2 protein chains.
Amino acid sequence: MTEGQIGESVALRLMERALDAQGLRHTLPRRTILEVVAGMGHSFTPTELTEQVARRDPHIGRASVFRLLQLLRGAGLVERLHSPDGELYTLCLATEHHHHVTCTVCGRTATFSLEDDDAVGRAVERVGYRMDHHVLQVFGVCPACLQRERPPGRPEAPQ
Amino acid sequence: MTEGQIGESVALRLMERALDAQGLRHTLPRRTILEVVAGMGHSFTPTELTEQVARRDPHIGRASVFRLLQLLRGAGLVERLHSPDGELYTLCLATEHHHHVTCTVCGRTATFSLEDDDAVGRAVERVGYRMDHHVLQVFGVCPACLQRERPPGRPEAPQ
DNA sequence: TCATTGTTGATACTTGGTCTCATTTAGAGG
DNA sequence: CCTCTAAATGAGACCAAGTATCAACAATGA
Ligand SMILES: [Zn+2]
Ligand SMILES: [Zn+2]
Ligand SMILES: [Zn+2]
Ligand SMILES: [Zn+2]
């Protein structure tokens with residue numbers, strides 16, 4: 001079993017458990033969409049998702065895909081972010097608070113944590129607001145794409 | 001002259017200078033849209049903006065509004081953010097790096113800075129990415145709305 | 001004044017997403 | 001296994017936020 005497949009089945013199990021926890025029913029459309037989401041190796045756009053779902057079962061409606069995405073977001077298992085080229089959804093299984101970097105070249109996403117995450121809350125309180133929630137979106141270039149961008153033997157020109 | 005009006009004229013001047021700096025022409029539609037943007041006391045949705053623009057000059061096309069918004073974003077004078085209820089644009093004149101808190105009740109926006117803003121870049125580097133840009137969106141409740149939410153004499157129930 | 005080139009508005013189109021509603025189906029209880 | 005009900009579905013209309021195209025128009029510089 002490849003690492004990807006392990007990740008997939010874990011993701012699938014977690015997502016199903018999250019739906020169970022909300023007393024939601026097991027249906028075939030849900031199962032299909034969940035499998036597709038779990039199979040996504042990286043962040044995906046709604047169109048990518050709906051296309052892949054339609055490929056497995058053209059009968060499944062667009063609305064159901066969005067409905068499920070919303071449930072998963074509510075359960076904290078996928079996050080939506082607003083990338084320069086459209087909406088991106090990312091599967092996210094980590095439980096402790098963290099943030100995401102998304103590669104603007106290939107879409108690969110990594111997670112990281114801040115040493116002092118509460119700094120935001122404190123800074124906001126200083127201007128009199130009560131913080132509800134915060135979203136930190138980071139875009140950059142992943143190690144693999146950096147490698148490709150600056151091939152060995154042709155070092156980056158000094159800027 | 002009220003504080004709001006001072007802010008408006010400053011905003012207007014800054015925005016026109018930004019367009020000048022790009023060698024862009026002075027046109028009536030642009031002027032009108034700029035005035036409306038400058039007159040916005042808080043963050044606004046595209047629909048709010050287009051409605052207000054249409055009220056001043058129903059002849060101005062939706063596309064021109066979006067085109068100008070894009071120019072202003074490029075010049076760093078307005079920021080777009082993805083709020084729970086739709087897109088929000090915020091006029092932003094400060095020059096040094098900062099972030100925004102948006103009140104989820106009334107839309108009022110405040111700015112704040114982090115003591116250690118580079119913490120994000122460092123955290124991202126630690127996972128091997130090169131950071132391009134980051135967006136920190138904070139939503140909360142502004143002092144005024146907090147006041148209204150918890151009126152004097154009826155203290156917040158201990159939770 | 002005139003020519004150039006940037007800008008505009010109309011219109012069509014795309015993407016992301018919600019709403020409604022009639023039909024289907026999961027799954028609980030008998 | 002059957003029955004009933006509430007949940008879930010898909011079709012399709014609808015809406016918001018943009019973008020692309022393109023012919024008409026207008027700001028500026030010569
Ligand atoms: Zn995550
Ligand atoms: Zn990459
Ligand atoms: Zn700002
Ligand atoms: Zn407020």
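First the proteins, then the strands, lettered A, B, ... as listed; each starts at 1. From a predicted model like this one, the values you see are computed outputs, not experimental measurements.
Closest-nucleotide positions on DNA chain C for B:L28 and A:A63 were compared, and the one nearer the 5' end corresponds to B:L28. Along DNA chain C, the nucleotide nearest B:P29 and the nucleotide nearest B:H82 are compared for position; the residue whose nucleotide lies closer to the 5' end is B:P29.
Between the CG atom of A:L49 and the P atom of C:dT15 there is a distance of 15 Å, rounded to whole Å. Between A:L69 atom CG and C:dT18 atom C1' there is a gap of 14 Å when expressed in whole angstrom units. With rounding to whole Å, A:Q70 atom CD is found 9 Å from C:dG17 atom C1'. Look at CD on A:E87: it is 18 Å from P on C:dT14, rounded to the nearest Å. Look at CD1 on A:I33: it is 11 Å from C1' on D:dA8, rounded to the nearest Å. In this structure, CD of A:E51 is placed 12 Å from C1' of C:dT15, rounded to the nearest angstrom. Computed from coordinates, the A:F66 CZ to D:dC14 P distance equals 19 Å when rounded to whole Å. Rounding to whole angstrom units, CG of residue A:D20 and P of D:dA8 are separated by 12 Å.
Backbone-only engagement by B:L24 is indicated by non-hydrogen atom pairs under 4.0 Å involving sugar-phosphate atoms exclusively. When heavy atoms are screened at a 4.0 angstrom cut-off, B:I60 is found touching the sugar-phosphate backbone but no base atom.
Using cut-offs of 30° and 60° on the angle between ring planes, the pair A:Y89 and A:F44 is parallel.
Taken residue by residue, residues 100-109 of chain A places no heavy atom nearer than 4.0 Å to DNA chain D.
Put simply, the side chain of B:R62 and the base of C:dG9 share no donor and acceptor less than 3.5 Å apart. Side-chain to base pairing of A:R67 with D:dG10: one donor and one acceptor N or O lie within less than 3.5 Å of each other. For C:dT5, the base has a donor-acceptor partner in the side chain of B:R25 [N/O atoms by modelled type, under 3.5 angstrom].
Using a 4.0 Å cut-off between charged nitrogen and carboxylate oxygen, B:E16 and B:R31 count as a salt-bridge pair.
B:L28 and B:L72 sit in two unconnected hydrophobic clusters of ILVMFWY residues. Membership requires side-chain heavy atoms under 4.5 Å apart, directly or through other members.
B:T104 places a side-chain N or O within donor-acceptor distance of the main-chain N or O of B:G140, the cut-off being under 3.5 Å. In this structure, the side chain of A:E48 engages the main chain of A:T45 through a donor-acceptor pair within 3.5 Å.
In B:R17, the CZ atom is not crowded: 12 or fewer heavy atoms of neighbouring residues, nucleotides or ligands sit closer than 6.0 Å.
Put simply, A:T45 has no side-chain N or O that comes within less than 4.0 Å of OP1 or OP2 on C:dT15. For D:dA17, neither phosphate oxygen OP1 nor OP2 lies less than 4.0 angstrom from any side-chain nitrogen or oxygen of B:R80. Dashed line: the shortest gap from a side-chain N or O of A:T27 to OP1 or OP2 of D:dA8 is not under 4.0 Å. Here B:Y89 reaches the OP1 or OP2 of D:dG18: one of its side-chain N or O atoms lies under 4.0 Å away.
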With ring-ring contact (aromatic ring centres under 6.0 Å, His included) as the criterion, how do A:H134 and A:H99 come out once you've worked through the C-alpha distance, each side chain's angles and the decisive distance to 0.1 Å? CA-CA 10 Å; A:H134 71 289; A:H99 300 282; 5.5 Å; yes
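In the model, B:H133 has no side-chain atom that pairs as donor or acceptor with a side-chain atom of A:Q137 under 3.5 Å.
When distances are taken from the side chain of B:H59 to each of D:dT28, D:dA17, C:dG9, the shortest belongs to C:dG9.
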